[in-house]
Amino acid sequence: ALRGHRGWEKQWTSPEPRAEYDVVIIGAGGHGLGAAYYLAKEHGITNVAVIEKGWLGGGNTGRNTTIIRSNYLYEESMHIYEHSMKLWEGLSQELNYNVMYSPRGVMMLSHNIHDQQSFKRHIHANRLYGIDNEWLTPEQAKAYCPPLDISASARYPINGAALQRRGGTARHDAVAWGYARAASDRGVHIIQNCEVTGIRRAPDGRVTGVETTRGFIGARKVGVSAAGHTTTIMKMADVRVPLQSSPLQALVSEPLKPIFPCVVMSNTVHAYISQSDKGELVIGAGTDQYNSYSQTGGLQIITHTLDAICELFPMFRRVKMMRQWGGIVDNTPDRSAIQSKTPVPGLYVNCGWGTGGFKATPGSANLFAHLIARDEPHKFNAGLTLERFRSGRLIDEAAAAAVAH
Ligand SMILES: Cc1cc2nc3c(=O)[nH]c(=O)nc-3n(C[C@H](O)[C@H](O)[C@H](O)COP(=O)(O)OP(=O)(O)OC[C@H]3O[C@@H](n4cnc5c(N)ncnc54)[C@H](O)[C@@H]3O)c2cc1C
Ligand SMILES: CSCC(=O)[O-]
């Protein structure tokens with residue numbers, strides 16, 4: 001129950017933009033809204049505006065399959081995803097908004113010796129860092145998720161699985177709404193239906209504000225948190241960012257009685273599945289193989305994914321699909337995020353979360369706020385620099401990305 005339930009009055013204000021703010025954040029997704037909240041709450045910076053071209057939460061934050069986990073390979077990744085996981089565990093209380101965090105377990109299926117070696121490497125690395133992750137035999141995987149077909153005649157044989165029991169799901173809309181209300185309560189302005197069309201700079205190169213469809217808005221600091229649209233925005237400041245924007249699709253089935261107890265993912269067959277609290281099977285696919293800003297995607301991608309789901313879980317072969325959609329994900333060459341200062345003084349960028357940034361929402365927001373407020377990274381996001389693509393100090397998480405990207 002929400003403490004001090006507020007009835008149905010407005011959840012957040014929708015003010016006219018001021019002429020100037022201390023900080024402007026471009027993008028009212030979970031990352032941008034959360035960063036504004038933490039700027040106010042942890043750094044006392046409340047003269048902040050989050051500028052959103054559409055409606056808050058309407059981007060990937062409201063379009064994802066809500067999987068949360070921290071079982072990545074490298075220390076830089078484990079820092080930020082585990083920081084996030086710990087924030088997820090207390091987020092409903094922090095925001096006084098039920099984000100429906102559900103640690104039901106995330107199980108990554110192994111189909112061949114390569115999968116097995118890769119997952120066991122992740123398990124050992126995670127355990128060294130203090131992150132829970134364990135190897136299951138096929139029989140143990142079936143016991144944890146009874147609908148799974150582990151028979152020897154299965155189209156995609158299973159030789160084991162990696163289980164993170166603290167992994168799970170959360171309600172994506174609620175995360176955006178919770179951060180928006182909490183930020184707004186602390187004086188942050190959320191300016192929706194206001195597209196950023198330019199980034200203005202002073203003669204010495206420093207950022208001075210953003211051009212928008214509702215006029216110029218001045219700011220000493222600008223944080224870009226626009227996911228699939230990052231490259232087009234950073235180009236407004238002559239900053240190139242190594243991202244590929246492409247569609248990632250998901251779909252939901254007709255509602256069923258509770259039948260699916262956890263999250264199951266398969267890198268090899270490009271499919272993952274969970275069941276929402278409304279009873280729908282929530283199914284995700286790999287990315288489309290082309291760059292695009294369309295929030296749709298190719299039919300062949302989801303039919304392949306449904307083939308895989310039907311082979312892994314034969315009992316779902318007669319279930320009807322109800323709705324399909326896509327988002328535009330921003331993948332970096334090494335499949336790790338960028339949270340960094342830029343060559344433009346006062347301009348900061350948070351991007352590259354690709355297909356896996358929902359799980360990072362609270363951690364990323366918290367650390368992006370730190371970077372903007374202090375003009376230097378926290379130790380947990382210090383490795384996520386734009387510079388690494390020049391130095392070659394990459395953080396290769398393609399295997400942990402979990403589906404074909
Ligand atoms: C189908 C799908 C499934 C996914 N599943 C998972 C999952 O299970 N687990 C997981 O961890 N991750 C998942 N992801 C990835 C995750 O959704 C994203 O990485 C994450 O939500 C990004 O959050 P964000 O706040 O950075 O971006 P967004 O929520 O996309 O917010 C960016 C905002 O910037 C706004 N914007 C863009 N350009 C401008 C402009 N010029 N002016 C003003 N505003 C602008 C957009 O309108 C948008 O609202 C999935 C993504 C998709 C598409
Ligand atoms: C879209 S893949 C979801 C994840 O990274 O756990």
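All ligand and atom numbering here is 1-based and tracks the order in the structure. Computed from heavy atoms alone, side chains included, the values below leave out hydrogens, waters and symmetry copies.
In summary, the atoms of ligand 2 found under 4.0 Å from a heavy atom of I67, numbered by their order in the structure, are 6 (O). Proximity to I51 (heavy-atom distance under 4.0 Å) selects the following atoms of ligand 1: 43 (C), 44 (N). In summary, the atoms of ligand 1 found under 4.0 Å from a heavy atom of G327, numbered by their order in the structure, are 53 (C). The K359 neighbourhood of ligand 1 comprises atoms 10 (C), 11 (O), with distances under 4.0 Å to a heavy atom of that residue. Listed by atom number, the atoms of ligand 1 under 4.0 Å from G29 heavy atoms are 25 (O), 29 (O), 31 (O). With ligand atoms numbered from 1 in the order given, ligand 1 contributes 38 (N), 39 (C), 40 (C), 41 (N) to contacts under 4.0 Å with heavy atoms of I233. Applying the 4.0 Å criterion to heavy atoms of G356 picks out, from ligand 2, the atoms 5 (O). Atom numbering of ligand 2 starts at 1 in the shown order; those under 4.0 Å from a heavy atom of T355 are 1 (C), 2 (S), 3 (C), 5 (O). Atoms of ligand 2 lying under 4.0 Å from any heavy atom of K359, numbered from 1 in the order shown and given with element: 4 (C), 5 (O), 6 (O).
Below 3.5 Å of separation, one finds an N or O of R69 facing an N or O of ligand 2. Considering backbone and side-chain atoms alike, T65 places every N or O at 3.5 Å or more from each N or O of ligand 2.
Between H304 and H270, the ring planes lie tilted relative to each other; the angle falls in the 30° to 60° range. In this pair, Y81 and W353 present their aromatic rings perpendicular. The plane angle is above 60°, beyond the 30 to 60° band. Ring orientation note: the planes of Y179 and Y37 are tilted relative to one another, at an angle of 30° to 60°. Ring planes of F316 and F313: tilted class, angle from 30 to 60°.
In this structure, G354 counts as a contact residue of ligand 1, since one of its heavy atoms falls inside 4.0 Å of the ligand. Not a single heavy atom of G326 sits less than 4.0 Å from an atom of ligand 1. Taking a 4.0 Å cut-off on heavy atoms, S225 registers as neighbouring ligand 1.
With R166 as the partner, the side-chain contact (heavy atoms from CB on, under 4.5 Å) test is satisfied by one option alone out of E82, R69, R104: E82.
Of the protein's non-hydrogen atoms, the one nearest atom 48 (C) of ligand 1 is E52 OE1, 3.5 Å. Closest to atom 45 (C) of ligand 1 among all protein heavy atoms lies K53 CG, 3.7 Å. Nearest to atom 16 (C) of ligand 1 among the protein's heavy atoms is F358 N, 3.4 Å. When hydrogens are left out, the protein atom nearest atom 34 (O) of ligand 1 is G27 CA, 3.3 Å; that is the closest non-hydrogen contact. Counting only heavy atoms of the protein, atom 13 (C) of ligand 1 lies nearest to T355 O, 2.9 Å. Here the heavy atom of the protein found nearest to atom 52 (C) of ligand 1 is L248 CD2, 3.6 Å. Among all protein heavy atoms, the one lying closest to atom 30 (O) of ligand 1 is N60 N, 2.8 Å.
Taking the charged nitrogens against the carboxylate oxygens, D307 and R155 have no contact shorter than 4.0 Å, which rules out a salt bridge. Under a 4.0 Å N-O distance rule, the pair D375/R220 does not qualify as a salt bridge. Comment: E76 engages R393 in a salt bridge, judged by a side-chain N to carboxylate O separation of less than 4.0 angstrom.
Residue G357 holds the heavy atom nearest to atom 19 (O) of ligand 1 of all those in S274, A28, G357, G352. Considering each of I25, I68, N64, the one bringing a non-hydrogen atom nearest atom 4 (C) of ligand 1 is N64. For atom 42 (N) of ligand 1, the nearest non-hydrogen atom from the set N193, T65, V196 comes from V196.
Looking at R63 against ligand 1, only its backbone comes within 4.0 Å, counting heavy atoms. Contacts between F358 and ligand 2, counted as non-hydrogen atom pairs separated by less than 4.0 Å, are absent for every part of the residue. Residue-level proximity to ligand 1 for L56 is absent, since no heavy atom of it falls below 4.0 angstrom. Only the backbone of T66 comes within 4.0 Å of ligand 1, counting heavy atoms alone; no side-chain atom from C-beta on gets that close.
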Are S110 and D115 close enough, and set up right, to give a side chain to side chain donor-acceptor pair (under 3.5 Å), and what steps lead you there? CA-CA 5 Å; S110 169; D115 283 347; 4.6 Å; no
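Side-chain contact annotation: S391 with E387, donor-acceptor N/O pair under 3.5 Å absent. Using modelled atom types and a 3.5 Å distance limit, the side chains of D132 and Q164 yield a donor-acceptor pair. Y38 and H370 share no donor-acceptor pair across their side chains, judged by distance under 3.5 Å alone. A donor and an acceptor atom, one from each side chain of R214 and T212, are nowhere located under 3.5 Å apart. Between N133 and H122, the side chains place no donor N or O within less than 3.5 Å of an acceptor N or O (distance only, hydrogens not considered).
A ring-centre distance under 6.0 Å is not found for H31 and F368.
In this structure, CG in D185 is found 9.0 Å from CD in Q11, a value given to the nearest 0.5 Å.
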